[in-house]
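First comes the structure, then the notes that go with it.
Index from 1, following the sequence. This is a predicted model, so every value here is computed, not measured.
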Amino acid sequence: MFAVTWDDVQRWCGNDVKADPVWPPYQENAKRAGRQLYQQIGGTDPDDLNTYVWTNPIDTLLAYLANPDADVWRRRAVGALAGMLTRPATKTTAASHNVGAAISAALYGAALPTATTGGITVVRAPDTNGCPLTLIVDARDARQPTWSALAVIDDRPESVRDDDPDHQRRWAAWLYWGNLVQFLDAAGGDGAQLALSTVDTLEPAELAVSEGTGLVLARRAQDLDAETATWLGLVREAEPEPEVADTGVVDKSEADERWSEVLSLLFPGESALESLVRAMIAHGIPLPEQGYELGDAGWQAELAWPSRRIAVLLGDAFDQEAEDRDRAYAAAGWDARTARQWSIDELVEKITASAETSGASR
């Protein structure tokens, strides 16, 4: 979704507008930083940001319609956000289990918690229009940090006045940033616009950086009722369940009971786990061993298929311990990842392939 103001329309039509545009949202040094990071993450032409990002939102919309490649636009959004790191800001560092408190404080403009180790940086910075952004840079994978960003507009009655040009600029900048941060979910991040009056409706645990499902899944629309879906022509015939090779097939009723037990025993602090397990059930994946422990050290996996050496691990509740655990599984020849790192398609493919290989070797 793209948003434009009446001033954007007037400028695009070539008409004079009294107020200056809200882009670019910072000075030249910030633009240089944005271009530099954009190139580092695979941007082909540093001038792309001038052409497609630091420009009228209508031009951005038309460029997106001409080339709606989500990853291209994610890189452009990250390049734009990188410029904000040169702005006067408050920041802290955290791990996935305590980053929620830092994010909430940043959104409310409160003092940020004391920095802890964990590889996640939370930054609160206003652009030159006074629009505050909360940036979350997850560098636990140093090769490919994941960016999230939340733009907040103060919508309290005392702050909203039609005759206040400062509020009007903040509002236009809030819309501008919303057009960009929506692309961050293309690589596992989150991007959203929030009103200050509704910040309390955001649950930081839903964010991908907190090992949640991410805002797109957590806040996806409710299913349509049958009548509306039929009227819209969205009713489809039920598709047959995909077949997944399995060497330990169990009776369906027994499998349902055992999957229910798996769901009931899942670690409650990681919402991505439940989403992944429900997708496993839908795809007919063989039942895993729950609470599997590897080796004498007892490195634990939340879910495991020992004969296939595939596992689902918990997120980094304790960073060094998690790193040691990951190394132990890798050394033992396992493909072990967190729920957020697995996609259901890849998990199905891995389990199916290992089952076929096992069957062929017998």
Salt bridge (Lys or Arg N to Asp or Glu O under 4.0 Å) between R169 and D166, intermediate numbers included: CA-CA 5 Å; R169 289 194 66 78; D166 291 336; over 6 Å; no
If only side-chain N and O atoms count, and only distance matters, is there a donor-acceptor pair under 3.5 Å linking [Y] with [X]?
| X | Y | result |
| --- | --- | --- |
| D59 | N56 | no |
| D127 | W177 | yes |
| D154 | S159 | yes |
| S148 | D138 | no |
| D8 | T5 | yes |
| W171 | Y176 | no |

Just by modelled atom types, is the [Y] backbone N or O under 3.5 Å from a matching donor or acceptor in the [X] side chain?
| X | Y | value |
| --- | --- | --- |
| N67 | Y64 | no |
| Q193 | W174 | yes |
| Q290 | L303 | no |
| R309 | A332 | yes |
| Y26 | L85 | no |
| D47 | N50 | no |
| T201 | T198 | yes |
| W342 | A311 | yes |
| T92 | L112 | no |
| S210 | E206 | no |

What's the spacing between [X] [atom1] and [Y] [atom2] if we round to 0.5 Å?
| X | Y | atom1 | atom2 | value |
| --- | --- | --- | --- | --- |
| T338 | R140 | OG1 | CZ | 7.5 Å |
| D190 | L184 | CG | CG | 8.5 Å |
| Q36 | I41 | CD | CD1 | 11.5 Å |

Stepwise salt bridge (Lys or Arg N to Asp or Glu O under 4.0 Å) test for E274 and R278: CA-CA 6 Å; E274 182 175 346; R278 292 191 181 281; 3.0 Å; yes
Salt-bridge present (D16, K18; N to O < 4.0 Å): no
Neighbour count above 12 (heavy atom, 6.0 Å) for D296 CG: no
Q27, CD atom: more than 12 neighbouring heavy atoms under 6.0 Å: no
Y52 six-ring face occupied by R76 cation (under 6.0 Å, within 45°): yes
Working for salt bridge (Lys or Arg N to Asp or Glu O under 4.0 Å), residues E28 and K31: CA-CA 5 Å; E28 285 300 320; K31 292 172 70 174; 3.4 Å; yes
Derivation and outcome, side chain to side chain contact (heavy atoms under 4.5 Å, CB included), residues R337 and E346: CA-CA 11 Å; R337 317 179 200 177; E346 194 168 15; 2.9 Å; yes
Residue pair D335, K350: steps toward the salt bridge (Lys or Arg N to Asp or Glu O under 4.0 Å) verdict: CA-CA 9 Å; D335 192 345; K350 291 276 186 179; 3.3 Å; yes
